[in-house]
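Report on the following structure.
Below, chain A is the first sequence line, B the second, and so on; all start at residue 1.
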Amino acid sequence: MASHTSRGLLSLGRISASALGLQRPLSRVTYATNVSTNYSAGKTGLPDRGAGKFARRPRRAPGEPRTEKMPVDQDWTAVYPAAAPFRPGSVPLPVRMGYPVKRGVPPEKKGNLELIKIPNFLHLTPAAIKKHCEALKPFCTEWPSALDTDARCDAHFPIKAESTDYVSAGPSVRNPAARTVHLKVKLSSLNLDDHAFKKMLKLVGERYCRDTDTLTITADRCPLRQQNHDHAMYLLTVLYHESWKTEPWEAEKSVADMEEYSWEDSPSQRNLLDTLVRVEAAGEGGGGGEEVREQLLGRREVQEYKDSVTRLKNEGESESTVMLYKEAVKKVLNL
Amino acid sequence: MRPRPCVRGGAGTPSAVSPQEGRFSRRGLFSLTRILGGIAHSVPRALGACSANKTCNIIRSRLPLASSTYFHTATVFSSQPSSITVTKEPDALFQRVSLLVKGHDKSVLDSYELFATMAAKELGIAISKVCELPKDTERFTLLKSVHIFKNHRVQYEMRTHYRFIELSHLTGSTAQVYLEYVQRNLPEGVAMEVTKTAMEKVPDHILKPMWEEDPIDNKLSQG
């Protein structure tokens, strides 16, 4: 019943179209269920199945997959020129993937979702990579051969600017951590004298590493990387120039502010000289004054004692330093 | 219409400096005349051969791209012969470029590592280190049921595998080309962090303290 009325409507529709004089060659294709001439050879649908049920078009059988016709020495880069999902009909390999059923094998590639889900590298075979690189070569430049070792690089280009780029999939391509810039300089490559070096150490504090003699300035406060880089260079410039300046209040630097231990004018020197002077006085009974002290200072044992105490204080306590101190004390006091 | 590919060419420093030569001048290294012209694969890459104080006068003749007809793979450029622009801007120098690739599947990272190392070798980039960092596992325990049943839980974990590739001694142009190539072919579900260490010379204003030229009154520095 319904089909009758729909067919009636069909004919009405056609008449109206022809009456309007509109030429719609496509309309013949859309109502193709009644017409059998449009079918290609090899259809399996029965002729009277199409009558009225034009919603379900009989499909033609799929032909044999392309893999059967692929020659062995084909150009694979033409089959997969760009990243594409896995097509079982285009990949002539007997791949199996998936968890096998009991006493079975992993499922075959035809209709296998696991093979489609996993990213494939079929477009990046060695032949394809070679072709890509051949095309990219003209855009690359050579590294200057004079800078082949790290030492030479450091000598000519002492400032290193480190930054990180992030690539990931997500709602946004941007990563806020990408704007940080770390500037690393070896202080030995900068033009600093003794006072400037010590002042620089005091100014930067924790940013300096003694073992590698590297100053690291991290700039993070600006929204763009270029701005952070400029800010870090500005900080370096300011530190450099400020460390060469001598302020009047720097004259108040006390022993506690000193970075290294120096034996001159220290309690250790005073004690030693007092002891030695007393020893001399007890032995000879006479003389004294400044000349004796200076004479004592000139002696080799006193110099050795000075070296050992300085090493102990600056380098810390270790076997070698303590042994040196012991030997020096024995020599000075003639034990 | 894609923008014209542009190369910041030129060597940062002279390519041939004998050890006995000592300190060469740092100025005048970055001068390359602007060269516009067609590119052919057969023309030798003479950019690196520019010596310090001479300007390059290489004139590239217009030769058609012979190999483009056999080039089936999709590329960034159009099939017309592309012209490469060499600018006066000095090329950046990267002492180290390190790639950290993160993913959930180890086999995908294996394949990607093969691809990245092969691409680096083809482009003539020195690879200093390729290693696999130990994986990170994030585990958490949730209640299995929507309501009550506290004793029945379900546990999930997320594994992140890593690959670390370190390349050394890259120029700015080479780094740009390689990174773009490698990042465009990054598979889905894989993330990458690229750390570049650029080398720079000591800028002119840090060579000498400025107080030598114009000494400032001490009174000004107070307060």
### CA sep, side-chain torsions, deciding dist, call: A:D150, B:R96, side-chain contact (heavy atoms from CB on, under 4.5 Å)
CA-CA 10 Å; A:D150 269 346; B:R96 205 165 293 119; 4.1 Å; yes
#### Entry: Contact winner vs chain B - A:T125, A:L124, A:D154, A:L236, heavy-atom pairs under 4.5 Å
A:L124
### Message
Please classify the contact of A:Y240 with chain B as side chain, backbone, both or neither, using a heavy-atom distance under 4.5 Å.
### Response
side chain
### Query
Considering all heavy atoms of both residues, which atom of B:S173 and which atom of A:F139 are nearest to each other, and what is their separation?
CB-O, 3.6 Å
### Query
What's the shortest heavy-atom distance between B:A119 and A:C133, and which atoms?
O-SG, 3.9 Å
#### Entry: Region of B:E188 that comes under 4.5 Å of a non-hydrogen atom in chain A
both
### Task
Tell me, out of A:S243, A:A178, A:C153, who's got the most heavy-atom pairs with chain B below 4.5 Å.
A:C153
### Query
Between B:L186 and chain A, which part of the residue has a heavy atom less than 4.5 Å away: side chain, backbone, both or neither?
side chain
### Task
Looking only at non-hydrogen atoms, find the nearest pair between B:T174 and A:T141 and report the distance.
OG1-O, 2.8 Å
### Task
For the residue pair B:K121 and A:I129, establish whether any side-chain heavy-atom pair is separated by less than 4.5 Å.
no
### Task
Verify, without hydrogens or angle tests, whether B:T195 (side chain) and A:T164 (backbone) share a donor-acceptor contact under 3.5 angstrom.
no
### Task
Please look at A:N175 and chain B and tell me whether the side chain, the backbone, both or neither of the residue comes under 4.5 angstrom of a heavy atom of that chain.
neither
### Proximal to chain B - members of residues 186-211 of chain A, heavy-atom separation under 4.5 Å
A:L190, A:N191
#### Entry: Min side-chain heavy-atom separation A:H123-B:N185 under 4.5 Å
yes
## Note on the structure
Under 4.5 Å to a heavy atom of chain A? For B:F94 that would be backbone
#### Entry: Geometric class of the B:H169/A:W143 ring pair [parallel <30°, tilted 30-60°, perpendicular >60°]
parallel
### Message
Applying a heavy-atom distance below 4.5 Å, give me the residues of residues 122-129 of chain B that approach chain A, sorted by number.
### Response
B:E122, B:L123, B:G124
### Task
Please flag which part of A:A169 lies under 4.5 Å from any non-hydrogen atom of chain B: side chain, backbone, both or neither.
neither
